Structure formats: structure tokens, C-alpha cells
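Beneath this line is the structure, given in C-alpha cells, with notes to follow.
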Protein chains: 2
Amino acid sequence: MVPSEPTVILRLQIHFMVTANQQLIETLGVHLEGEYNLPPLAARIYAILILTDEDGLTFEDCLEKRGASKSSTSTSLNLLLNMGIITYFTKPGDRRRYFSIAKQKTFFLAKLQENLKRVEKEKAIITLVLDYHKKSSPKKFKEGQERTHIYLDYMNKNEALLTESIEKLKKILD
Amino acid sequence: MVPSEPTVILRLQIHFMVTANQQLIETLGVHLEGEYNLPPLAARIYAILILTDEDGLTFEDCLEKRGASKSSTSTSLNLLLNMGIITYFTKPGDRRRYFSIAKQKTFFLAKLQENLKRVEKEKAIITLVLDYHKKSSPKKFKEGQERTHIYLDYMNKNEALLTESIEKLKKILD
DNA sequence: CGTTTAGTTTGGTACCTTCCGAACCAACTG
DNA sequence: CAGTTGGTTCGGAAGGTACCAAACTAAACG
């Protein structure tokens, strides 16, 4: 039996939306894997939580939307909880937990703060190496000075930018 | 037999310098591992090449300084060569290759360019997610708009900073 | 030619990560 | 109480990474 035309179109549309969504979950998932050093499954679940319209997803929702095992879903959700990048809430008369991303407050703020830490760490390392070269081979040190200066200059400006943005963000969150 | 005092002091000093150097190699090594996604051994060899006073180290120098096997040393050096973060040169009448870090030119420039790529990639992803939310749940979208704006603003400024620094660096390298 | 030098390639081991199924537990429900 | 729901914990299995030792190769040396 051939379905009537409107049905076909509707099916195609739904299929398109579903696969487009899956695609986005995948894209975002890969990104998050790298960004937060998450295992594949945890990253996909995080992506699902970021993208959903619902106000919070249950354990089972997560499980079904990804098609993973109970144990892996449990492990992944707990990992995300421990990292503080998701939270859950409960509804009265409902034993289940509803998981959702920790308010974007935390999301972007954490990102900026993390970034700041990275910059500071790198500055520290560069200083360490520079000191070492200054002592052990002044010639080599002199050579690279100008380039190094540009790089350090960028790092400092970026650091200032970060501190400033963090302040701004904190202010609107009070 | 008890060594005379000066000998003891000398030994202690040498030991101190050696372990201090080893420590720095280790610290820098771990940093590079994370920064360039390098396997442990490759990262340590890279660190050794960054820190040495010599004008270039041979295969055997690398092998000895790290105490690794020939095969692993070979693999690691080739990996670093393929990634373009080290180079080698030869001396007339000497069959060996002398490895050294690719000029800091490439080092810092590559770092800035890599950073720029990361920022652009993240901006793209955020836009993607934002568009999705705008379409599927406008309420959710409105809520986070102010925070998102601050973050995107930071990203744009950082992007400008990076482009600028890259230009500066390119200029002094001509 | 045989020998030495400077590396490369191959095959295998050890470890680490990620996920799963199955058994388990703890709270509530009738 | 027994049964269901909402998870957690445990013991692998599969796959990937990083390293090593040993065999090999290719160029130079005498």
C-alpha cells in the first residue's frame, strides 16, 4: 500500500528533524569530549542535556535517547555530576531524579575560569623555561627574546580580558 | 674511603643540577603532553630538545638522555618530525642527523594560530547550539542571552587579539 | 668484500579506557 | 510481606596506546 502524499511528507519531515538533531548531538558531543576530556558516552549525554527542550531528563530518558546500558548511563551521569557540570532536581511524589545542565551561569563562568587557569599555567611554564635558558645559554635566550615578548604580551592581554569578563559575568549573576 | 670535602660538595652540586634539570624536563614534558597531545616519551624528548644548550642533538643523545629504547626513540623523533615541531640538520662528513626544535618562529606562531582555530571552532559550535535553541525553545534561548553575550564578546575580543599578535609575529619574521 | 654506524621495521606485551551484562540494593507500593 | 521502580556496583571483554627487544637495512669505511 502506498501512503497518501501528506503522510509521506510528514514522515520525511520528522525523519529530517530527528537525524538533524542526532547530527547536532554528535557534533556537540565530539566537541565536548575534547573540551572537557570526557569519555564518548558522557559527552553525548551532556550534549543531549544541553540540547533538549525539556526542563530536565530522567535516568531513563537519557538511557533511551542514547541507547546505552543502565550501568554506563549511571556511571556517565555520576561523572558529570561529580564534575559539577550537570545537576538534578526532584518533583514531589516522584522518586526519579531530573537531570539538567548546571545553569549556564556555571557553564560559561567555569569555562572562563578554566581558560584563565590554563593561561596562568602556561605563563608559569614559559617563565621557567626562559629562566633556565637565561642562566644556561644566554645567547639562545637573547635570540628568541623579541618573539617571546610578543607571545607573552598576548598572554597578558588575554589574561586581562578573561579577568574582566569573569567580573562582568559574576556581576549579572547576583 | 671518605672523599675529601670539596669532592663531596662538587658531587652534590652536580647531582642538584642534574635532578633540577630532570625535574624541569618532567614538568615541561607533562605540559607538552597535554598541549600537543603527545605520548609521554615524545613529549619528554621534545622537552629535552627545548631545554638543551647544544645546537642540536643526535639520535643517540636523545636515546641516552631519556634512557629509552632505539625503536621508541626512532618512533618518537619521527612523530615530532611529522608534526613539524622539530627539524634536523646534518654536518658535512657526519652521517648523523642533529635534531632541534623547529625555530621558535614556528613554535609561537603555530601556537597562536592553533589558538585562533580553537576559538573559531568554539564560536561556530555555540552559534549552532544557539540557533537550535532559538528555533526549538525560544524561552530557554531568551533566558541565557545576556550571559551568552558576555561570553561571545570575550571570544570576539580574544579573536581580535590573536589575529593582531599573529600579524605582529609574522612581520618580525620577514 | 666484511664490518661498523645510524637508524627503521616488525611483532609482541602490558597497561589503560570504555563500555556492557548481571547481580545487587534500597525505597516505595499494594 | 512480595513485587516493582530507580538506580549502583562488580567483573569482565574489546579495543586502543605506548613501549620494548630483536631482526633488519642502507650507507660508509677499511
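Throughout, a chain's letter reflects where its sequence line sits, starting with A, and its residues are numbered from 1. Just the heavy atoms: all of them, side chains too, but no hydrogens, waters or symmetry mates, feed the values below. Given the structure is predicted, the values throughout are model-derived calculations rather than measurements.
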Restricting to side-chain contact (heavy atoms from CB on, under 4.5 Å), what partner residues turn up for B:S69, sequence neighbours left out? B:S71, B:S72
DNA chain D contacts among residues 71-80 of chain A, heavy-atom distance under 4.0 Å: A:S71, A:S74, A:N78
Listing, residues 41-54 of chain B side-chain donor-acceptor contacts under 3.5 Å, not counting sequence neighbours, or none:
residue : atom : partner : partner atom : Å
B:R44   : NE   : B:E26   : OE1          : 3.2
B:R44   : NE   : B:E26   : OE2          : 3.2
B:R44   : NH1  : B:E33   : OE2          : 2.7
B:R44   : NH1  : B:P40   : O            : 3.1
B:R44   : NH2  : B:E26   : OE2          : 3.0
B:R44   : NH2  : B:E33   : OE2          : 3.1
B:T52   : OG1  : B:E54   : N            : 3.2
B:D53   : OD1  : A:S136  : OG           : 3.4

Residues 164-171 of chain A, side-chain donor-acceptor partners within the protein, below 3.5 Å, at least two apart:
residue : atom : partner : partner atom : Å
A:S165  : OG   : A:L161  : O            : 2.9

Side chain to side chain contact (heavy atoms under 4.5 Å, CB included) assessment of B:S100 paired with B:Y88: CA-CA 6 Å; B:S100 68; B:Y88 67 85; over 6 Å; no
For residues 117-136 of chain B, which residue pairs pass the salt bridge (Lys or Arg N to Asp or Glu O under 4.0 Å) check, not counting sequence neighbours? A:E35-B:R118, A:K111-B:E122, B:K123-B:E159
Please enumerate all residues that pass side-chain contact (heavy atoms from CB on, under 4.5 Å) together with B:E64, with sequence neighbours excluded. B:E60
Which residues pass the side-chain contact (heavy atoms from CB on, under 4.5 Å) test with A:D94, not counting sequence neighbours? A:K91, A:R96, A:Y98
Could you tell me from which nucleotide to which nucleotide of DNA chain C, 5' to 3', there is an atom under 4.0 Å from chain B heavy atoms? C:dT5 to C:dT9
Determine whether a donor-acceptor pair (N or O, by modelled atom type, separation under 3.5 Å) exists between the side chain of B:N158 and the backbone of B:Y154. no
A:D153 side chain vs A:H149 backbone, donor-acceptor pair below 3.5 Å: no
By side-chain contact (heavy atoms from CB on, under 4.5 Å), which residues pair with A:N37, not counting sequence neighbours? none
May I have the distance from A:K91 (atom NZ) to D:dG6 (atom C1'), rounded to whole angstrom? 16 Å
Residues in salt bridge (Lys or Arg N to Asp or Glu O under 4.0 Å) contact with A:R97, at least two apart in sequence or another chain: none
Under a 4.0 Å heavy-atom criterion, the protein footprint on nucleotides 24-30 of chain D, written with B, S and -, is ---BS--
Stretch residues 39-65 of chain A: residues that reach within less than 4.0 Å of DNA chain D through a heavy atom: A:F59
Report yes or no: do A:T58 and A:D61 form a side-chain donor-acceptor pair below 3.5 Å? yes
